[in-house]
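Worth saying up front: this structure is predicted, and the values here are computed from it rather than measured. Computed over heavy atoms, backbone and side chain alike; hydrogens, waters and symmetry mates excluded.
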Amino acid sequence: MNTVDAGSILLQATQGEAFTQIQNDALLSSSLWVNIALAGVSILLFVYMGRNVTNDRARFIWAATLLIPLVSISSYLGLLSGLTVGFIEMPAGHALAGEEVMSQWGRYLTWALSTPMILLALGLLADVDRSSLFTVITADIGMCVTGLAAALVTSSYLFRWLFYAVSCAFFVVVLYALLTEWPTAAADAGTGEIFGTLRVLTVVLWLGYPIIWAVGVEGLALVQSVGVTSWGYSALDILAKYVFAFLLLRWVAANERTVATTQREPSTGSAPADD
């Protein structure tokens, strides 16, 4: 009983320390508060934008897109409160070896839940087959989970980069689908133009995440400010989530008939007979 109580006290102390440190760092706390505010506004805006959407397929896209800011606001509240923030000691070989640094591990939880919704919305828009959609979303979750491992490993500097490499390999699978397979499906579905815009936005912005990891505190520590790194991630989230979602929902609301007619016809397994 005493052991459990001691562990609980330590957990609360760690959260309290994280909360205090975040509140005392204007750069860090502002990067979180801005996202909470924008996520809240986005939720209200997206609910309003989808009020007249009636087609099942269009509503499916709308629901997946609405989950993006819903997940984000929950995540950023967790970060700001210190709930999903911890302190880890960097291993030998790291530029900050032996030093205790703040790890915003809750961001990886956010990405593991929100980025699949982005891909689901894109896949539905492009009317890709379910096997491709499943493969890409699974690879995306694998990318986030192994990215989390890279951020939290403290036993070996080498293993941090090995997990990072595996995460990037999963990312290549996602990029391959977005750049080669899904554009063809979108063109066939009549949604190629908007898909192309959203694809470029997604690919360019998502490439920024591993770059920030590599140069930030978690990687090479070329940038050692947690606040600067946090703003880098937050800026990418604003564009890759809220701006992306707004562009998608605005197009879906204005082109519901196109979305309704892109549903993939199931194969009957036989060709029609000639007269």
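Annotation: W33 is not in aromatic contact with Y76 [ring centroid separation under 6.0 Å not met]. For W161 and Y164, the ring centers sit closer than 6.0 Å to each other.
Listed here is the closest heavy atom pair of L205 and L236: O-CD2, 3.7 Å. Heavy-atom minimum distance, N35 versus Y242: OD1-OH, 3.0 Å. Between L27 and S30, the shortest heavy-atom distance links the atoms O-OG, 2.9 Å. What you find for A112 and I141 is that their closest heavy atoms are O-CG1, 4.1 Å. Nearest heavy-atom pair across V85 and I22 is CG2-CD1, 4.1 Å. In terms of heavy atoms, T229 sits closest to G216 at OG1-CA, 4.1 Å.
With rounding to the nearest 0.5 angstrom, the OG atom of S156 is 7.5 Å from the CG atom of L162. Taking CG from L79 and CH2 from W105, the interatomic distance works out to 9.0 Å, rounded to the nearest 0.5 Å. Atom-to-atom distance recorded for L152:CG and S103:OG is 5.0 Å, nearest 0.5 angstrom. Atom CG of L66 is separated from atom CG of L249 by 8.0 Å, given to the nearest 0.5 angstrom. Here the CG atom belonging to L122 is positioned 8.5 Å from the OG1 atom belonging to T65, to the nearest 0.5 angstrom. Atom-to-atom distance recorded for L133:CG and D127:CG is 10.5 Å, nearest 0.5 angstrom.
For the pair V215/L220, no side-chain contact is recorded, criterion being any heavy-atom separation below 4.5 Å from C-beta on. The shortest distance between side-chain heavy atoms of L239 and F244 does not fall below 4.5 Å. Residues L207 and L175 form a side-chain contact, since some pair of their non-hydrogen atoms from C-beta on lies under 4.5 Å apart. Under the 4.5 Å side-chain criterion, counting only non-hydrogen atoms from C-beta, T20 is in contact with N24. Between L198 and I118, the closest side-chain pair of non-hydrogen atoms is not below 4.5 Å. By the 4.5 Å heavy-atom criterion applied to side chains, E99 and H94 are not counted as neighbours. With a 4.5 Å cut-off on side-chain heavy atoms, V47 and L44 do not count as touching. Looking at heavy atoms from C-beta onward, W182 lies out of side-chain contact with R199 at the 4.5 angstrom threshold.
Under a hydrophobic-cluster definition in which Ile, Leu, Val, Met, Phe, Trp and Tyr are linked whenever side-chain heavy atoms come within less than 4.5 Å, directly or via other members, Y176 and I137 are assigned to different clusters. No continuous path of hydrophobic side-chain contacts links L67 to L109 [ILVMFWY only; heavy atoms under 4.5 Å]. One hydrophobic cluster, built from ILVMFWY side chains closer than 4.5 Å, holds both L248 and V203. Residues L148 and V173 are members of separate hydrophobic clusters, defined by side-chain heavy-atom contacts under 4.5 angstrom among Ile, Leu, Val, Met, Phe, Trp and Tyr. I43 and F246 fall within the same hydrophobic cluster, where Ile, Leu, Val, Met, Phe, Trp and Tyr residues are linked whenever their side-chain heavy atoms come under 4.5 Å apart, directly or through other members.
At least one donor-acceptor pair under 3.5 Å links the side chain of N255 to the backbone N or O of W251. The main-chain N or O of T154 is never found under 3.5 Å from a side-chain atom of E89 such that the two would form a donor-acceptor pair. Between the side chain of D140 and the backbone N or O of V136 there is no donor-acceptor pair closer than 3.5 Å. Checking side-chain atoms of R160 against main-chain N and O of E218 turns up a donor-acceptor pair under 3.5 Å. The closest donor-acceptor contact from the side chain of S31 to the backbone of S234 lies at 3.5 Å or more, if one exists at all. Remark: side-chain polar atoms of W62 are paired, donor with acceptor, to backbone N or O of F46 under 3.5 angstrom. No donor-acceptor pair closer than 3.5 Å links the side chain of S132 to the backbone N or O of V128. Between the side chain of R51 and the backbone N or O of Y48 there is at least one donor-acceptor pair closer than 3.5 Å. Distance alone, capped at 3.5 Å, is enough to place a donor-acceptor pair between the R57 side chain and the L124 backbone. Distance alone, capped at 3.5 Å, places no donor-acceptor pair between the S230 side chain and the V226 backbone.
Heavy-atom neighbours of F87 CZ from other residues, nucleotides or ligands within 6.0 Å: above the threshold of 12. Counting non-hydrogen atoms of neighbouring residues, nucleotides and ligands closer than 6.0 angstrom, the CD atom of E193 reaches no more than 12 such neighbours. The neighbour count for Y157 OH, taken as heavy atoms of other residues, nucleotides or ligands under 6.0 Å away, is above 12. Around the CZ atom of F163, the shell of radius 6.0 Å holds no more than 12 heavy atoms that belong to other residues, nucleotides or ligands.
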May I have the step-by-step check of side chain to side chain contact (heavy atoms under 4.5 Å, CB included) for M117 and T115, ending in yes or no? CA-CA 5 Å; M117 293 301 102; T115 55; over 6 Å; no
How far apart are the C-alpha atoms of W111 and W206, what are their side-chain angles, what is the distance that settles it, and do they pass the ring-ring contact (aromatic ring centres under 6.0 Å, His included) test? CA-CA 11 Å; W111 297 329; W206 283 26; 9.9 Å; no
Show your working on side chain to side chain contact (heavy atoms under 4.5 Å, CB included) between L28 and Q104 and close with a plain yes or no. CA-CA 11 Å; L28 176 57; Q104 296 182 342; 3.0 Å; yes
Report the C-alpha separation of Q15 and S81 in whole Å, then their side-chain angles, then the decisive distance to 0.1 Å, and conclude whether the side chain to side chain contact (heavy atoms under 4.5 Å, CB included) test is met. CA-CA 7 Å; Q15 288 185 22; S81 67; over 6 Å; no
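In the model, Y209 has a side-chain atom that pairs as donor or acceptor with a side-chain atom of D237 under 3.5 Å.
Checking N55, N52, T54 one by one against E256, the side chain to side chain donor-acceptor pair (under 3.5 Å) holds for a single residue, T54.
Remark: V34 pairs with L38, W231, I238 by the side-chain contact (heavy atoms from CB on, under 4.5 Å) rule, at least two apart or across chains.
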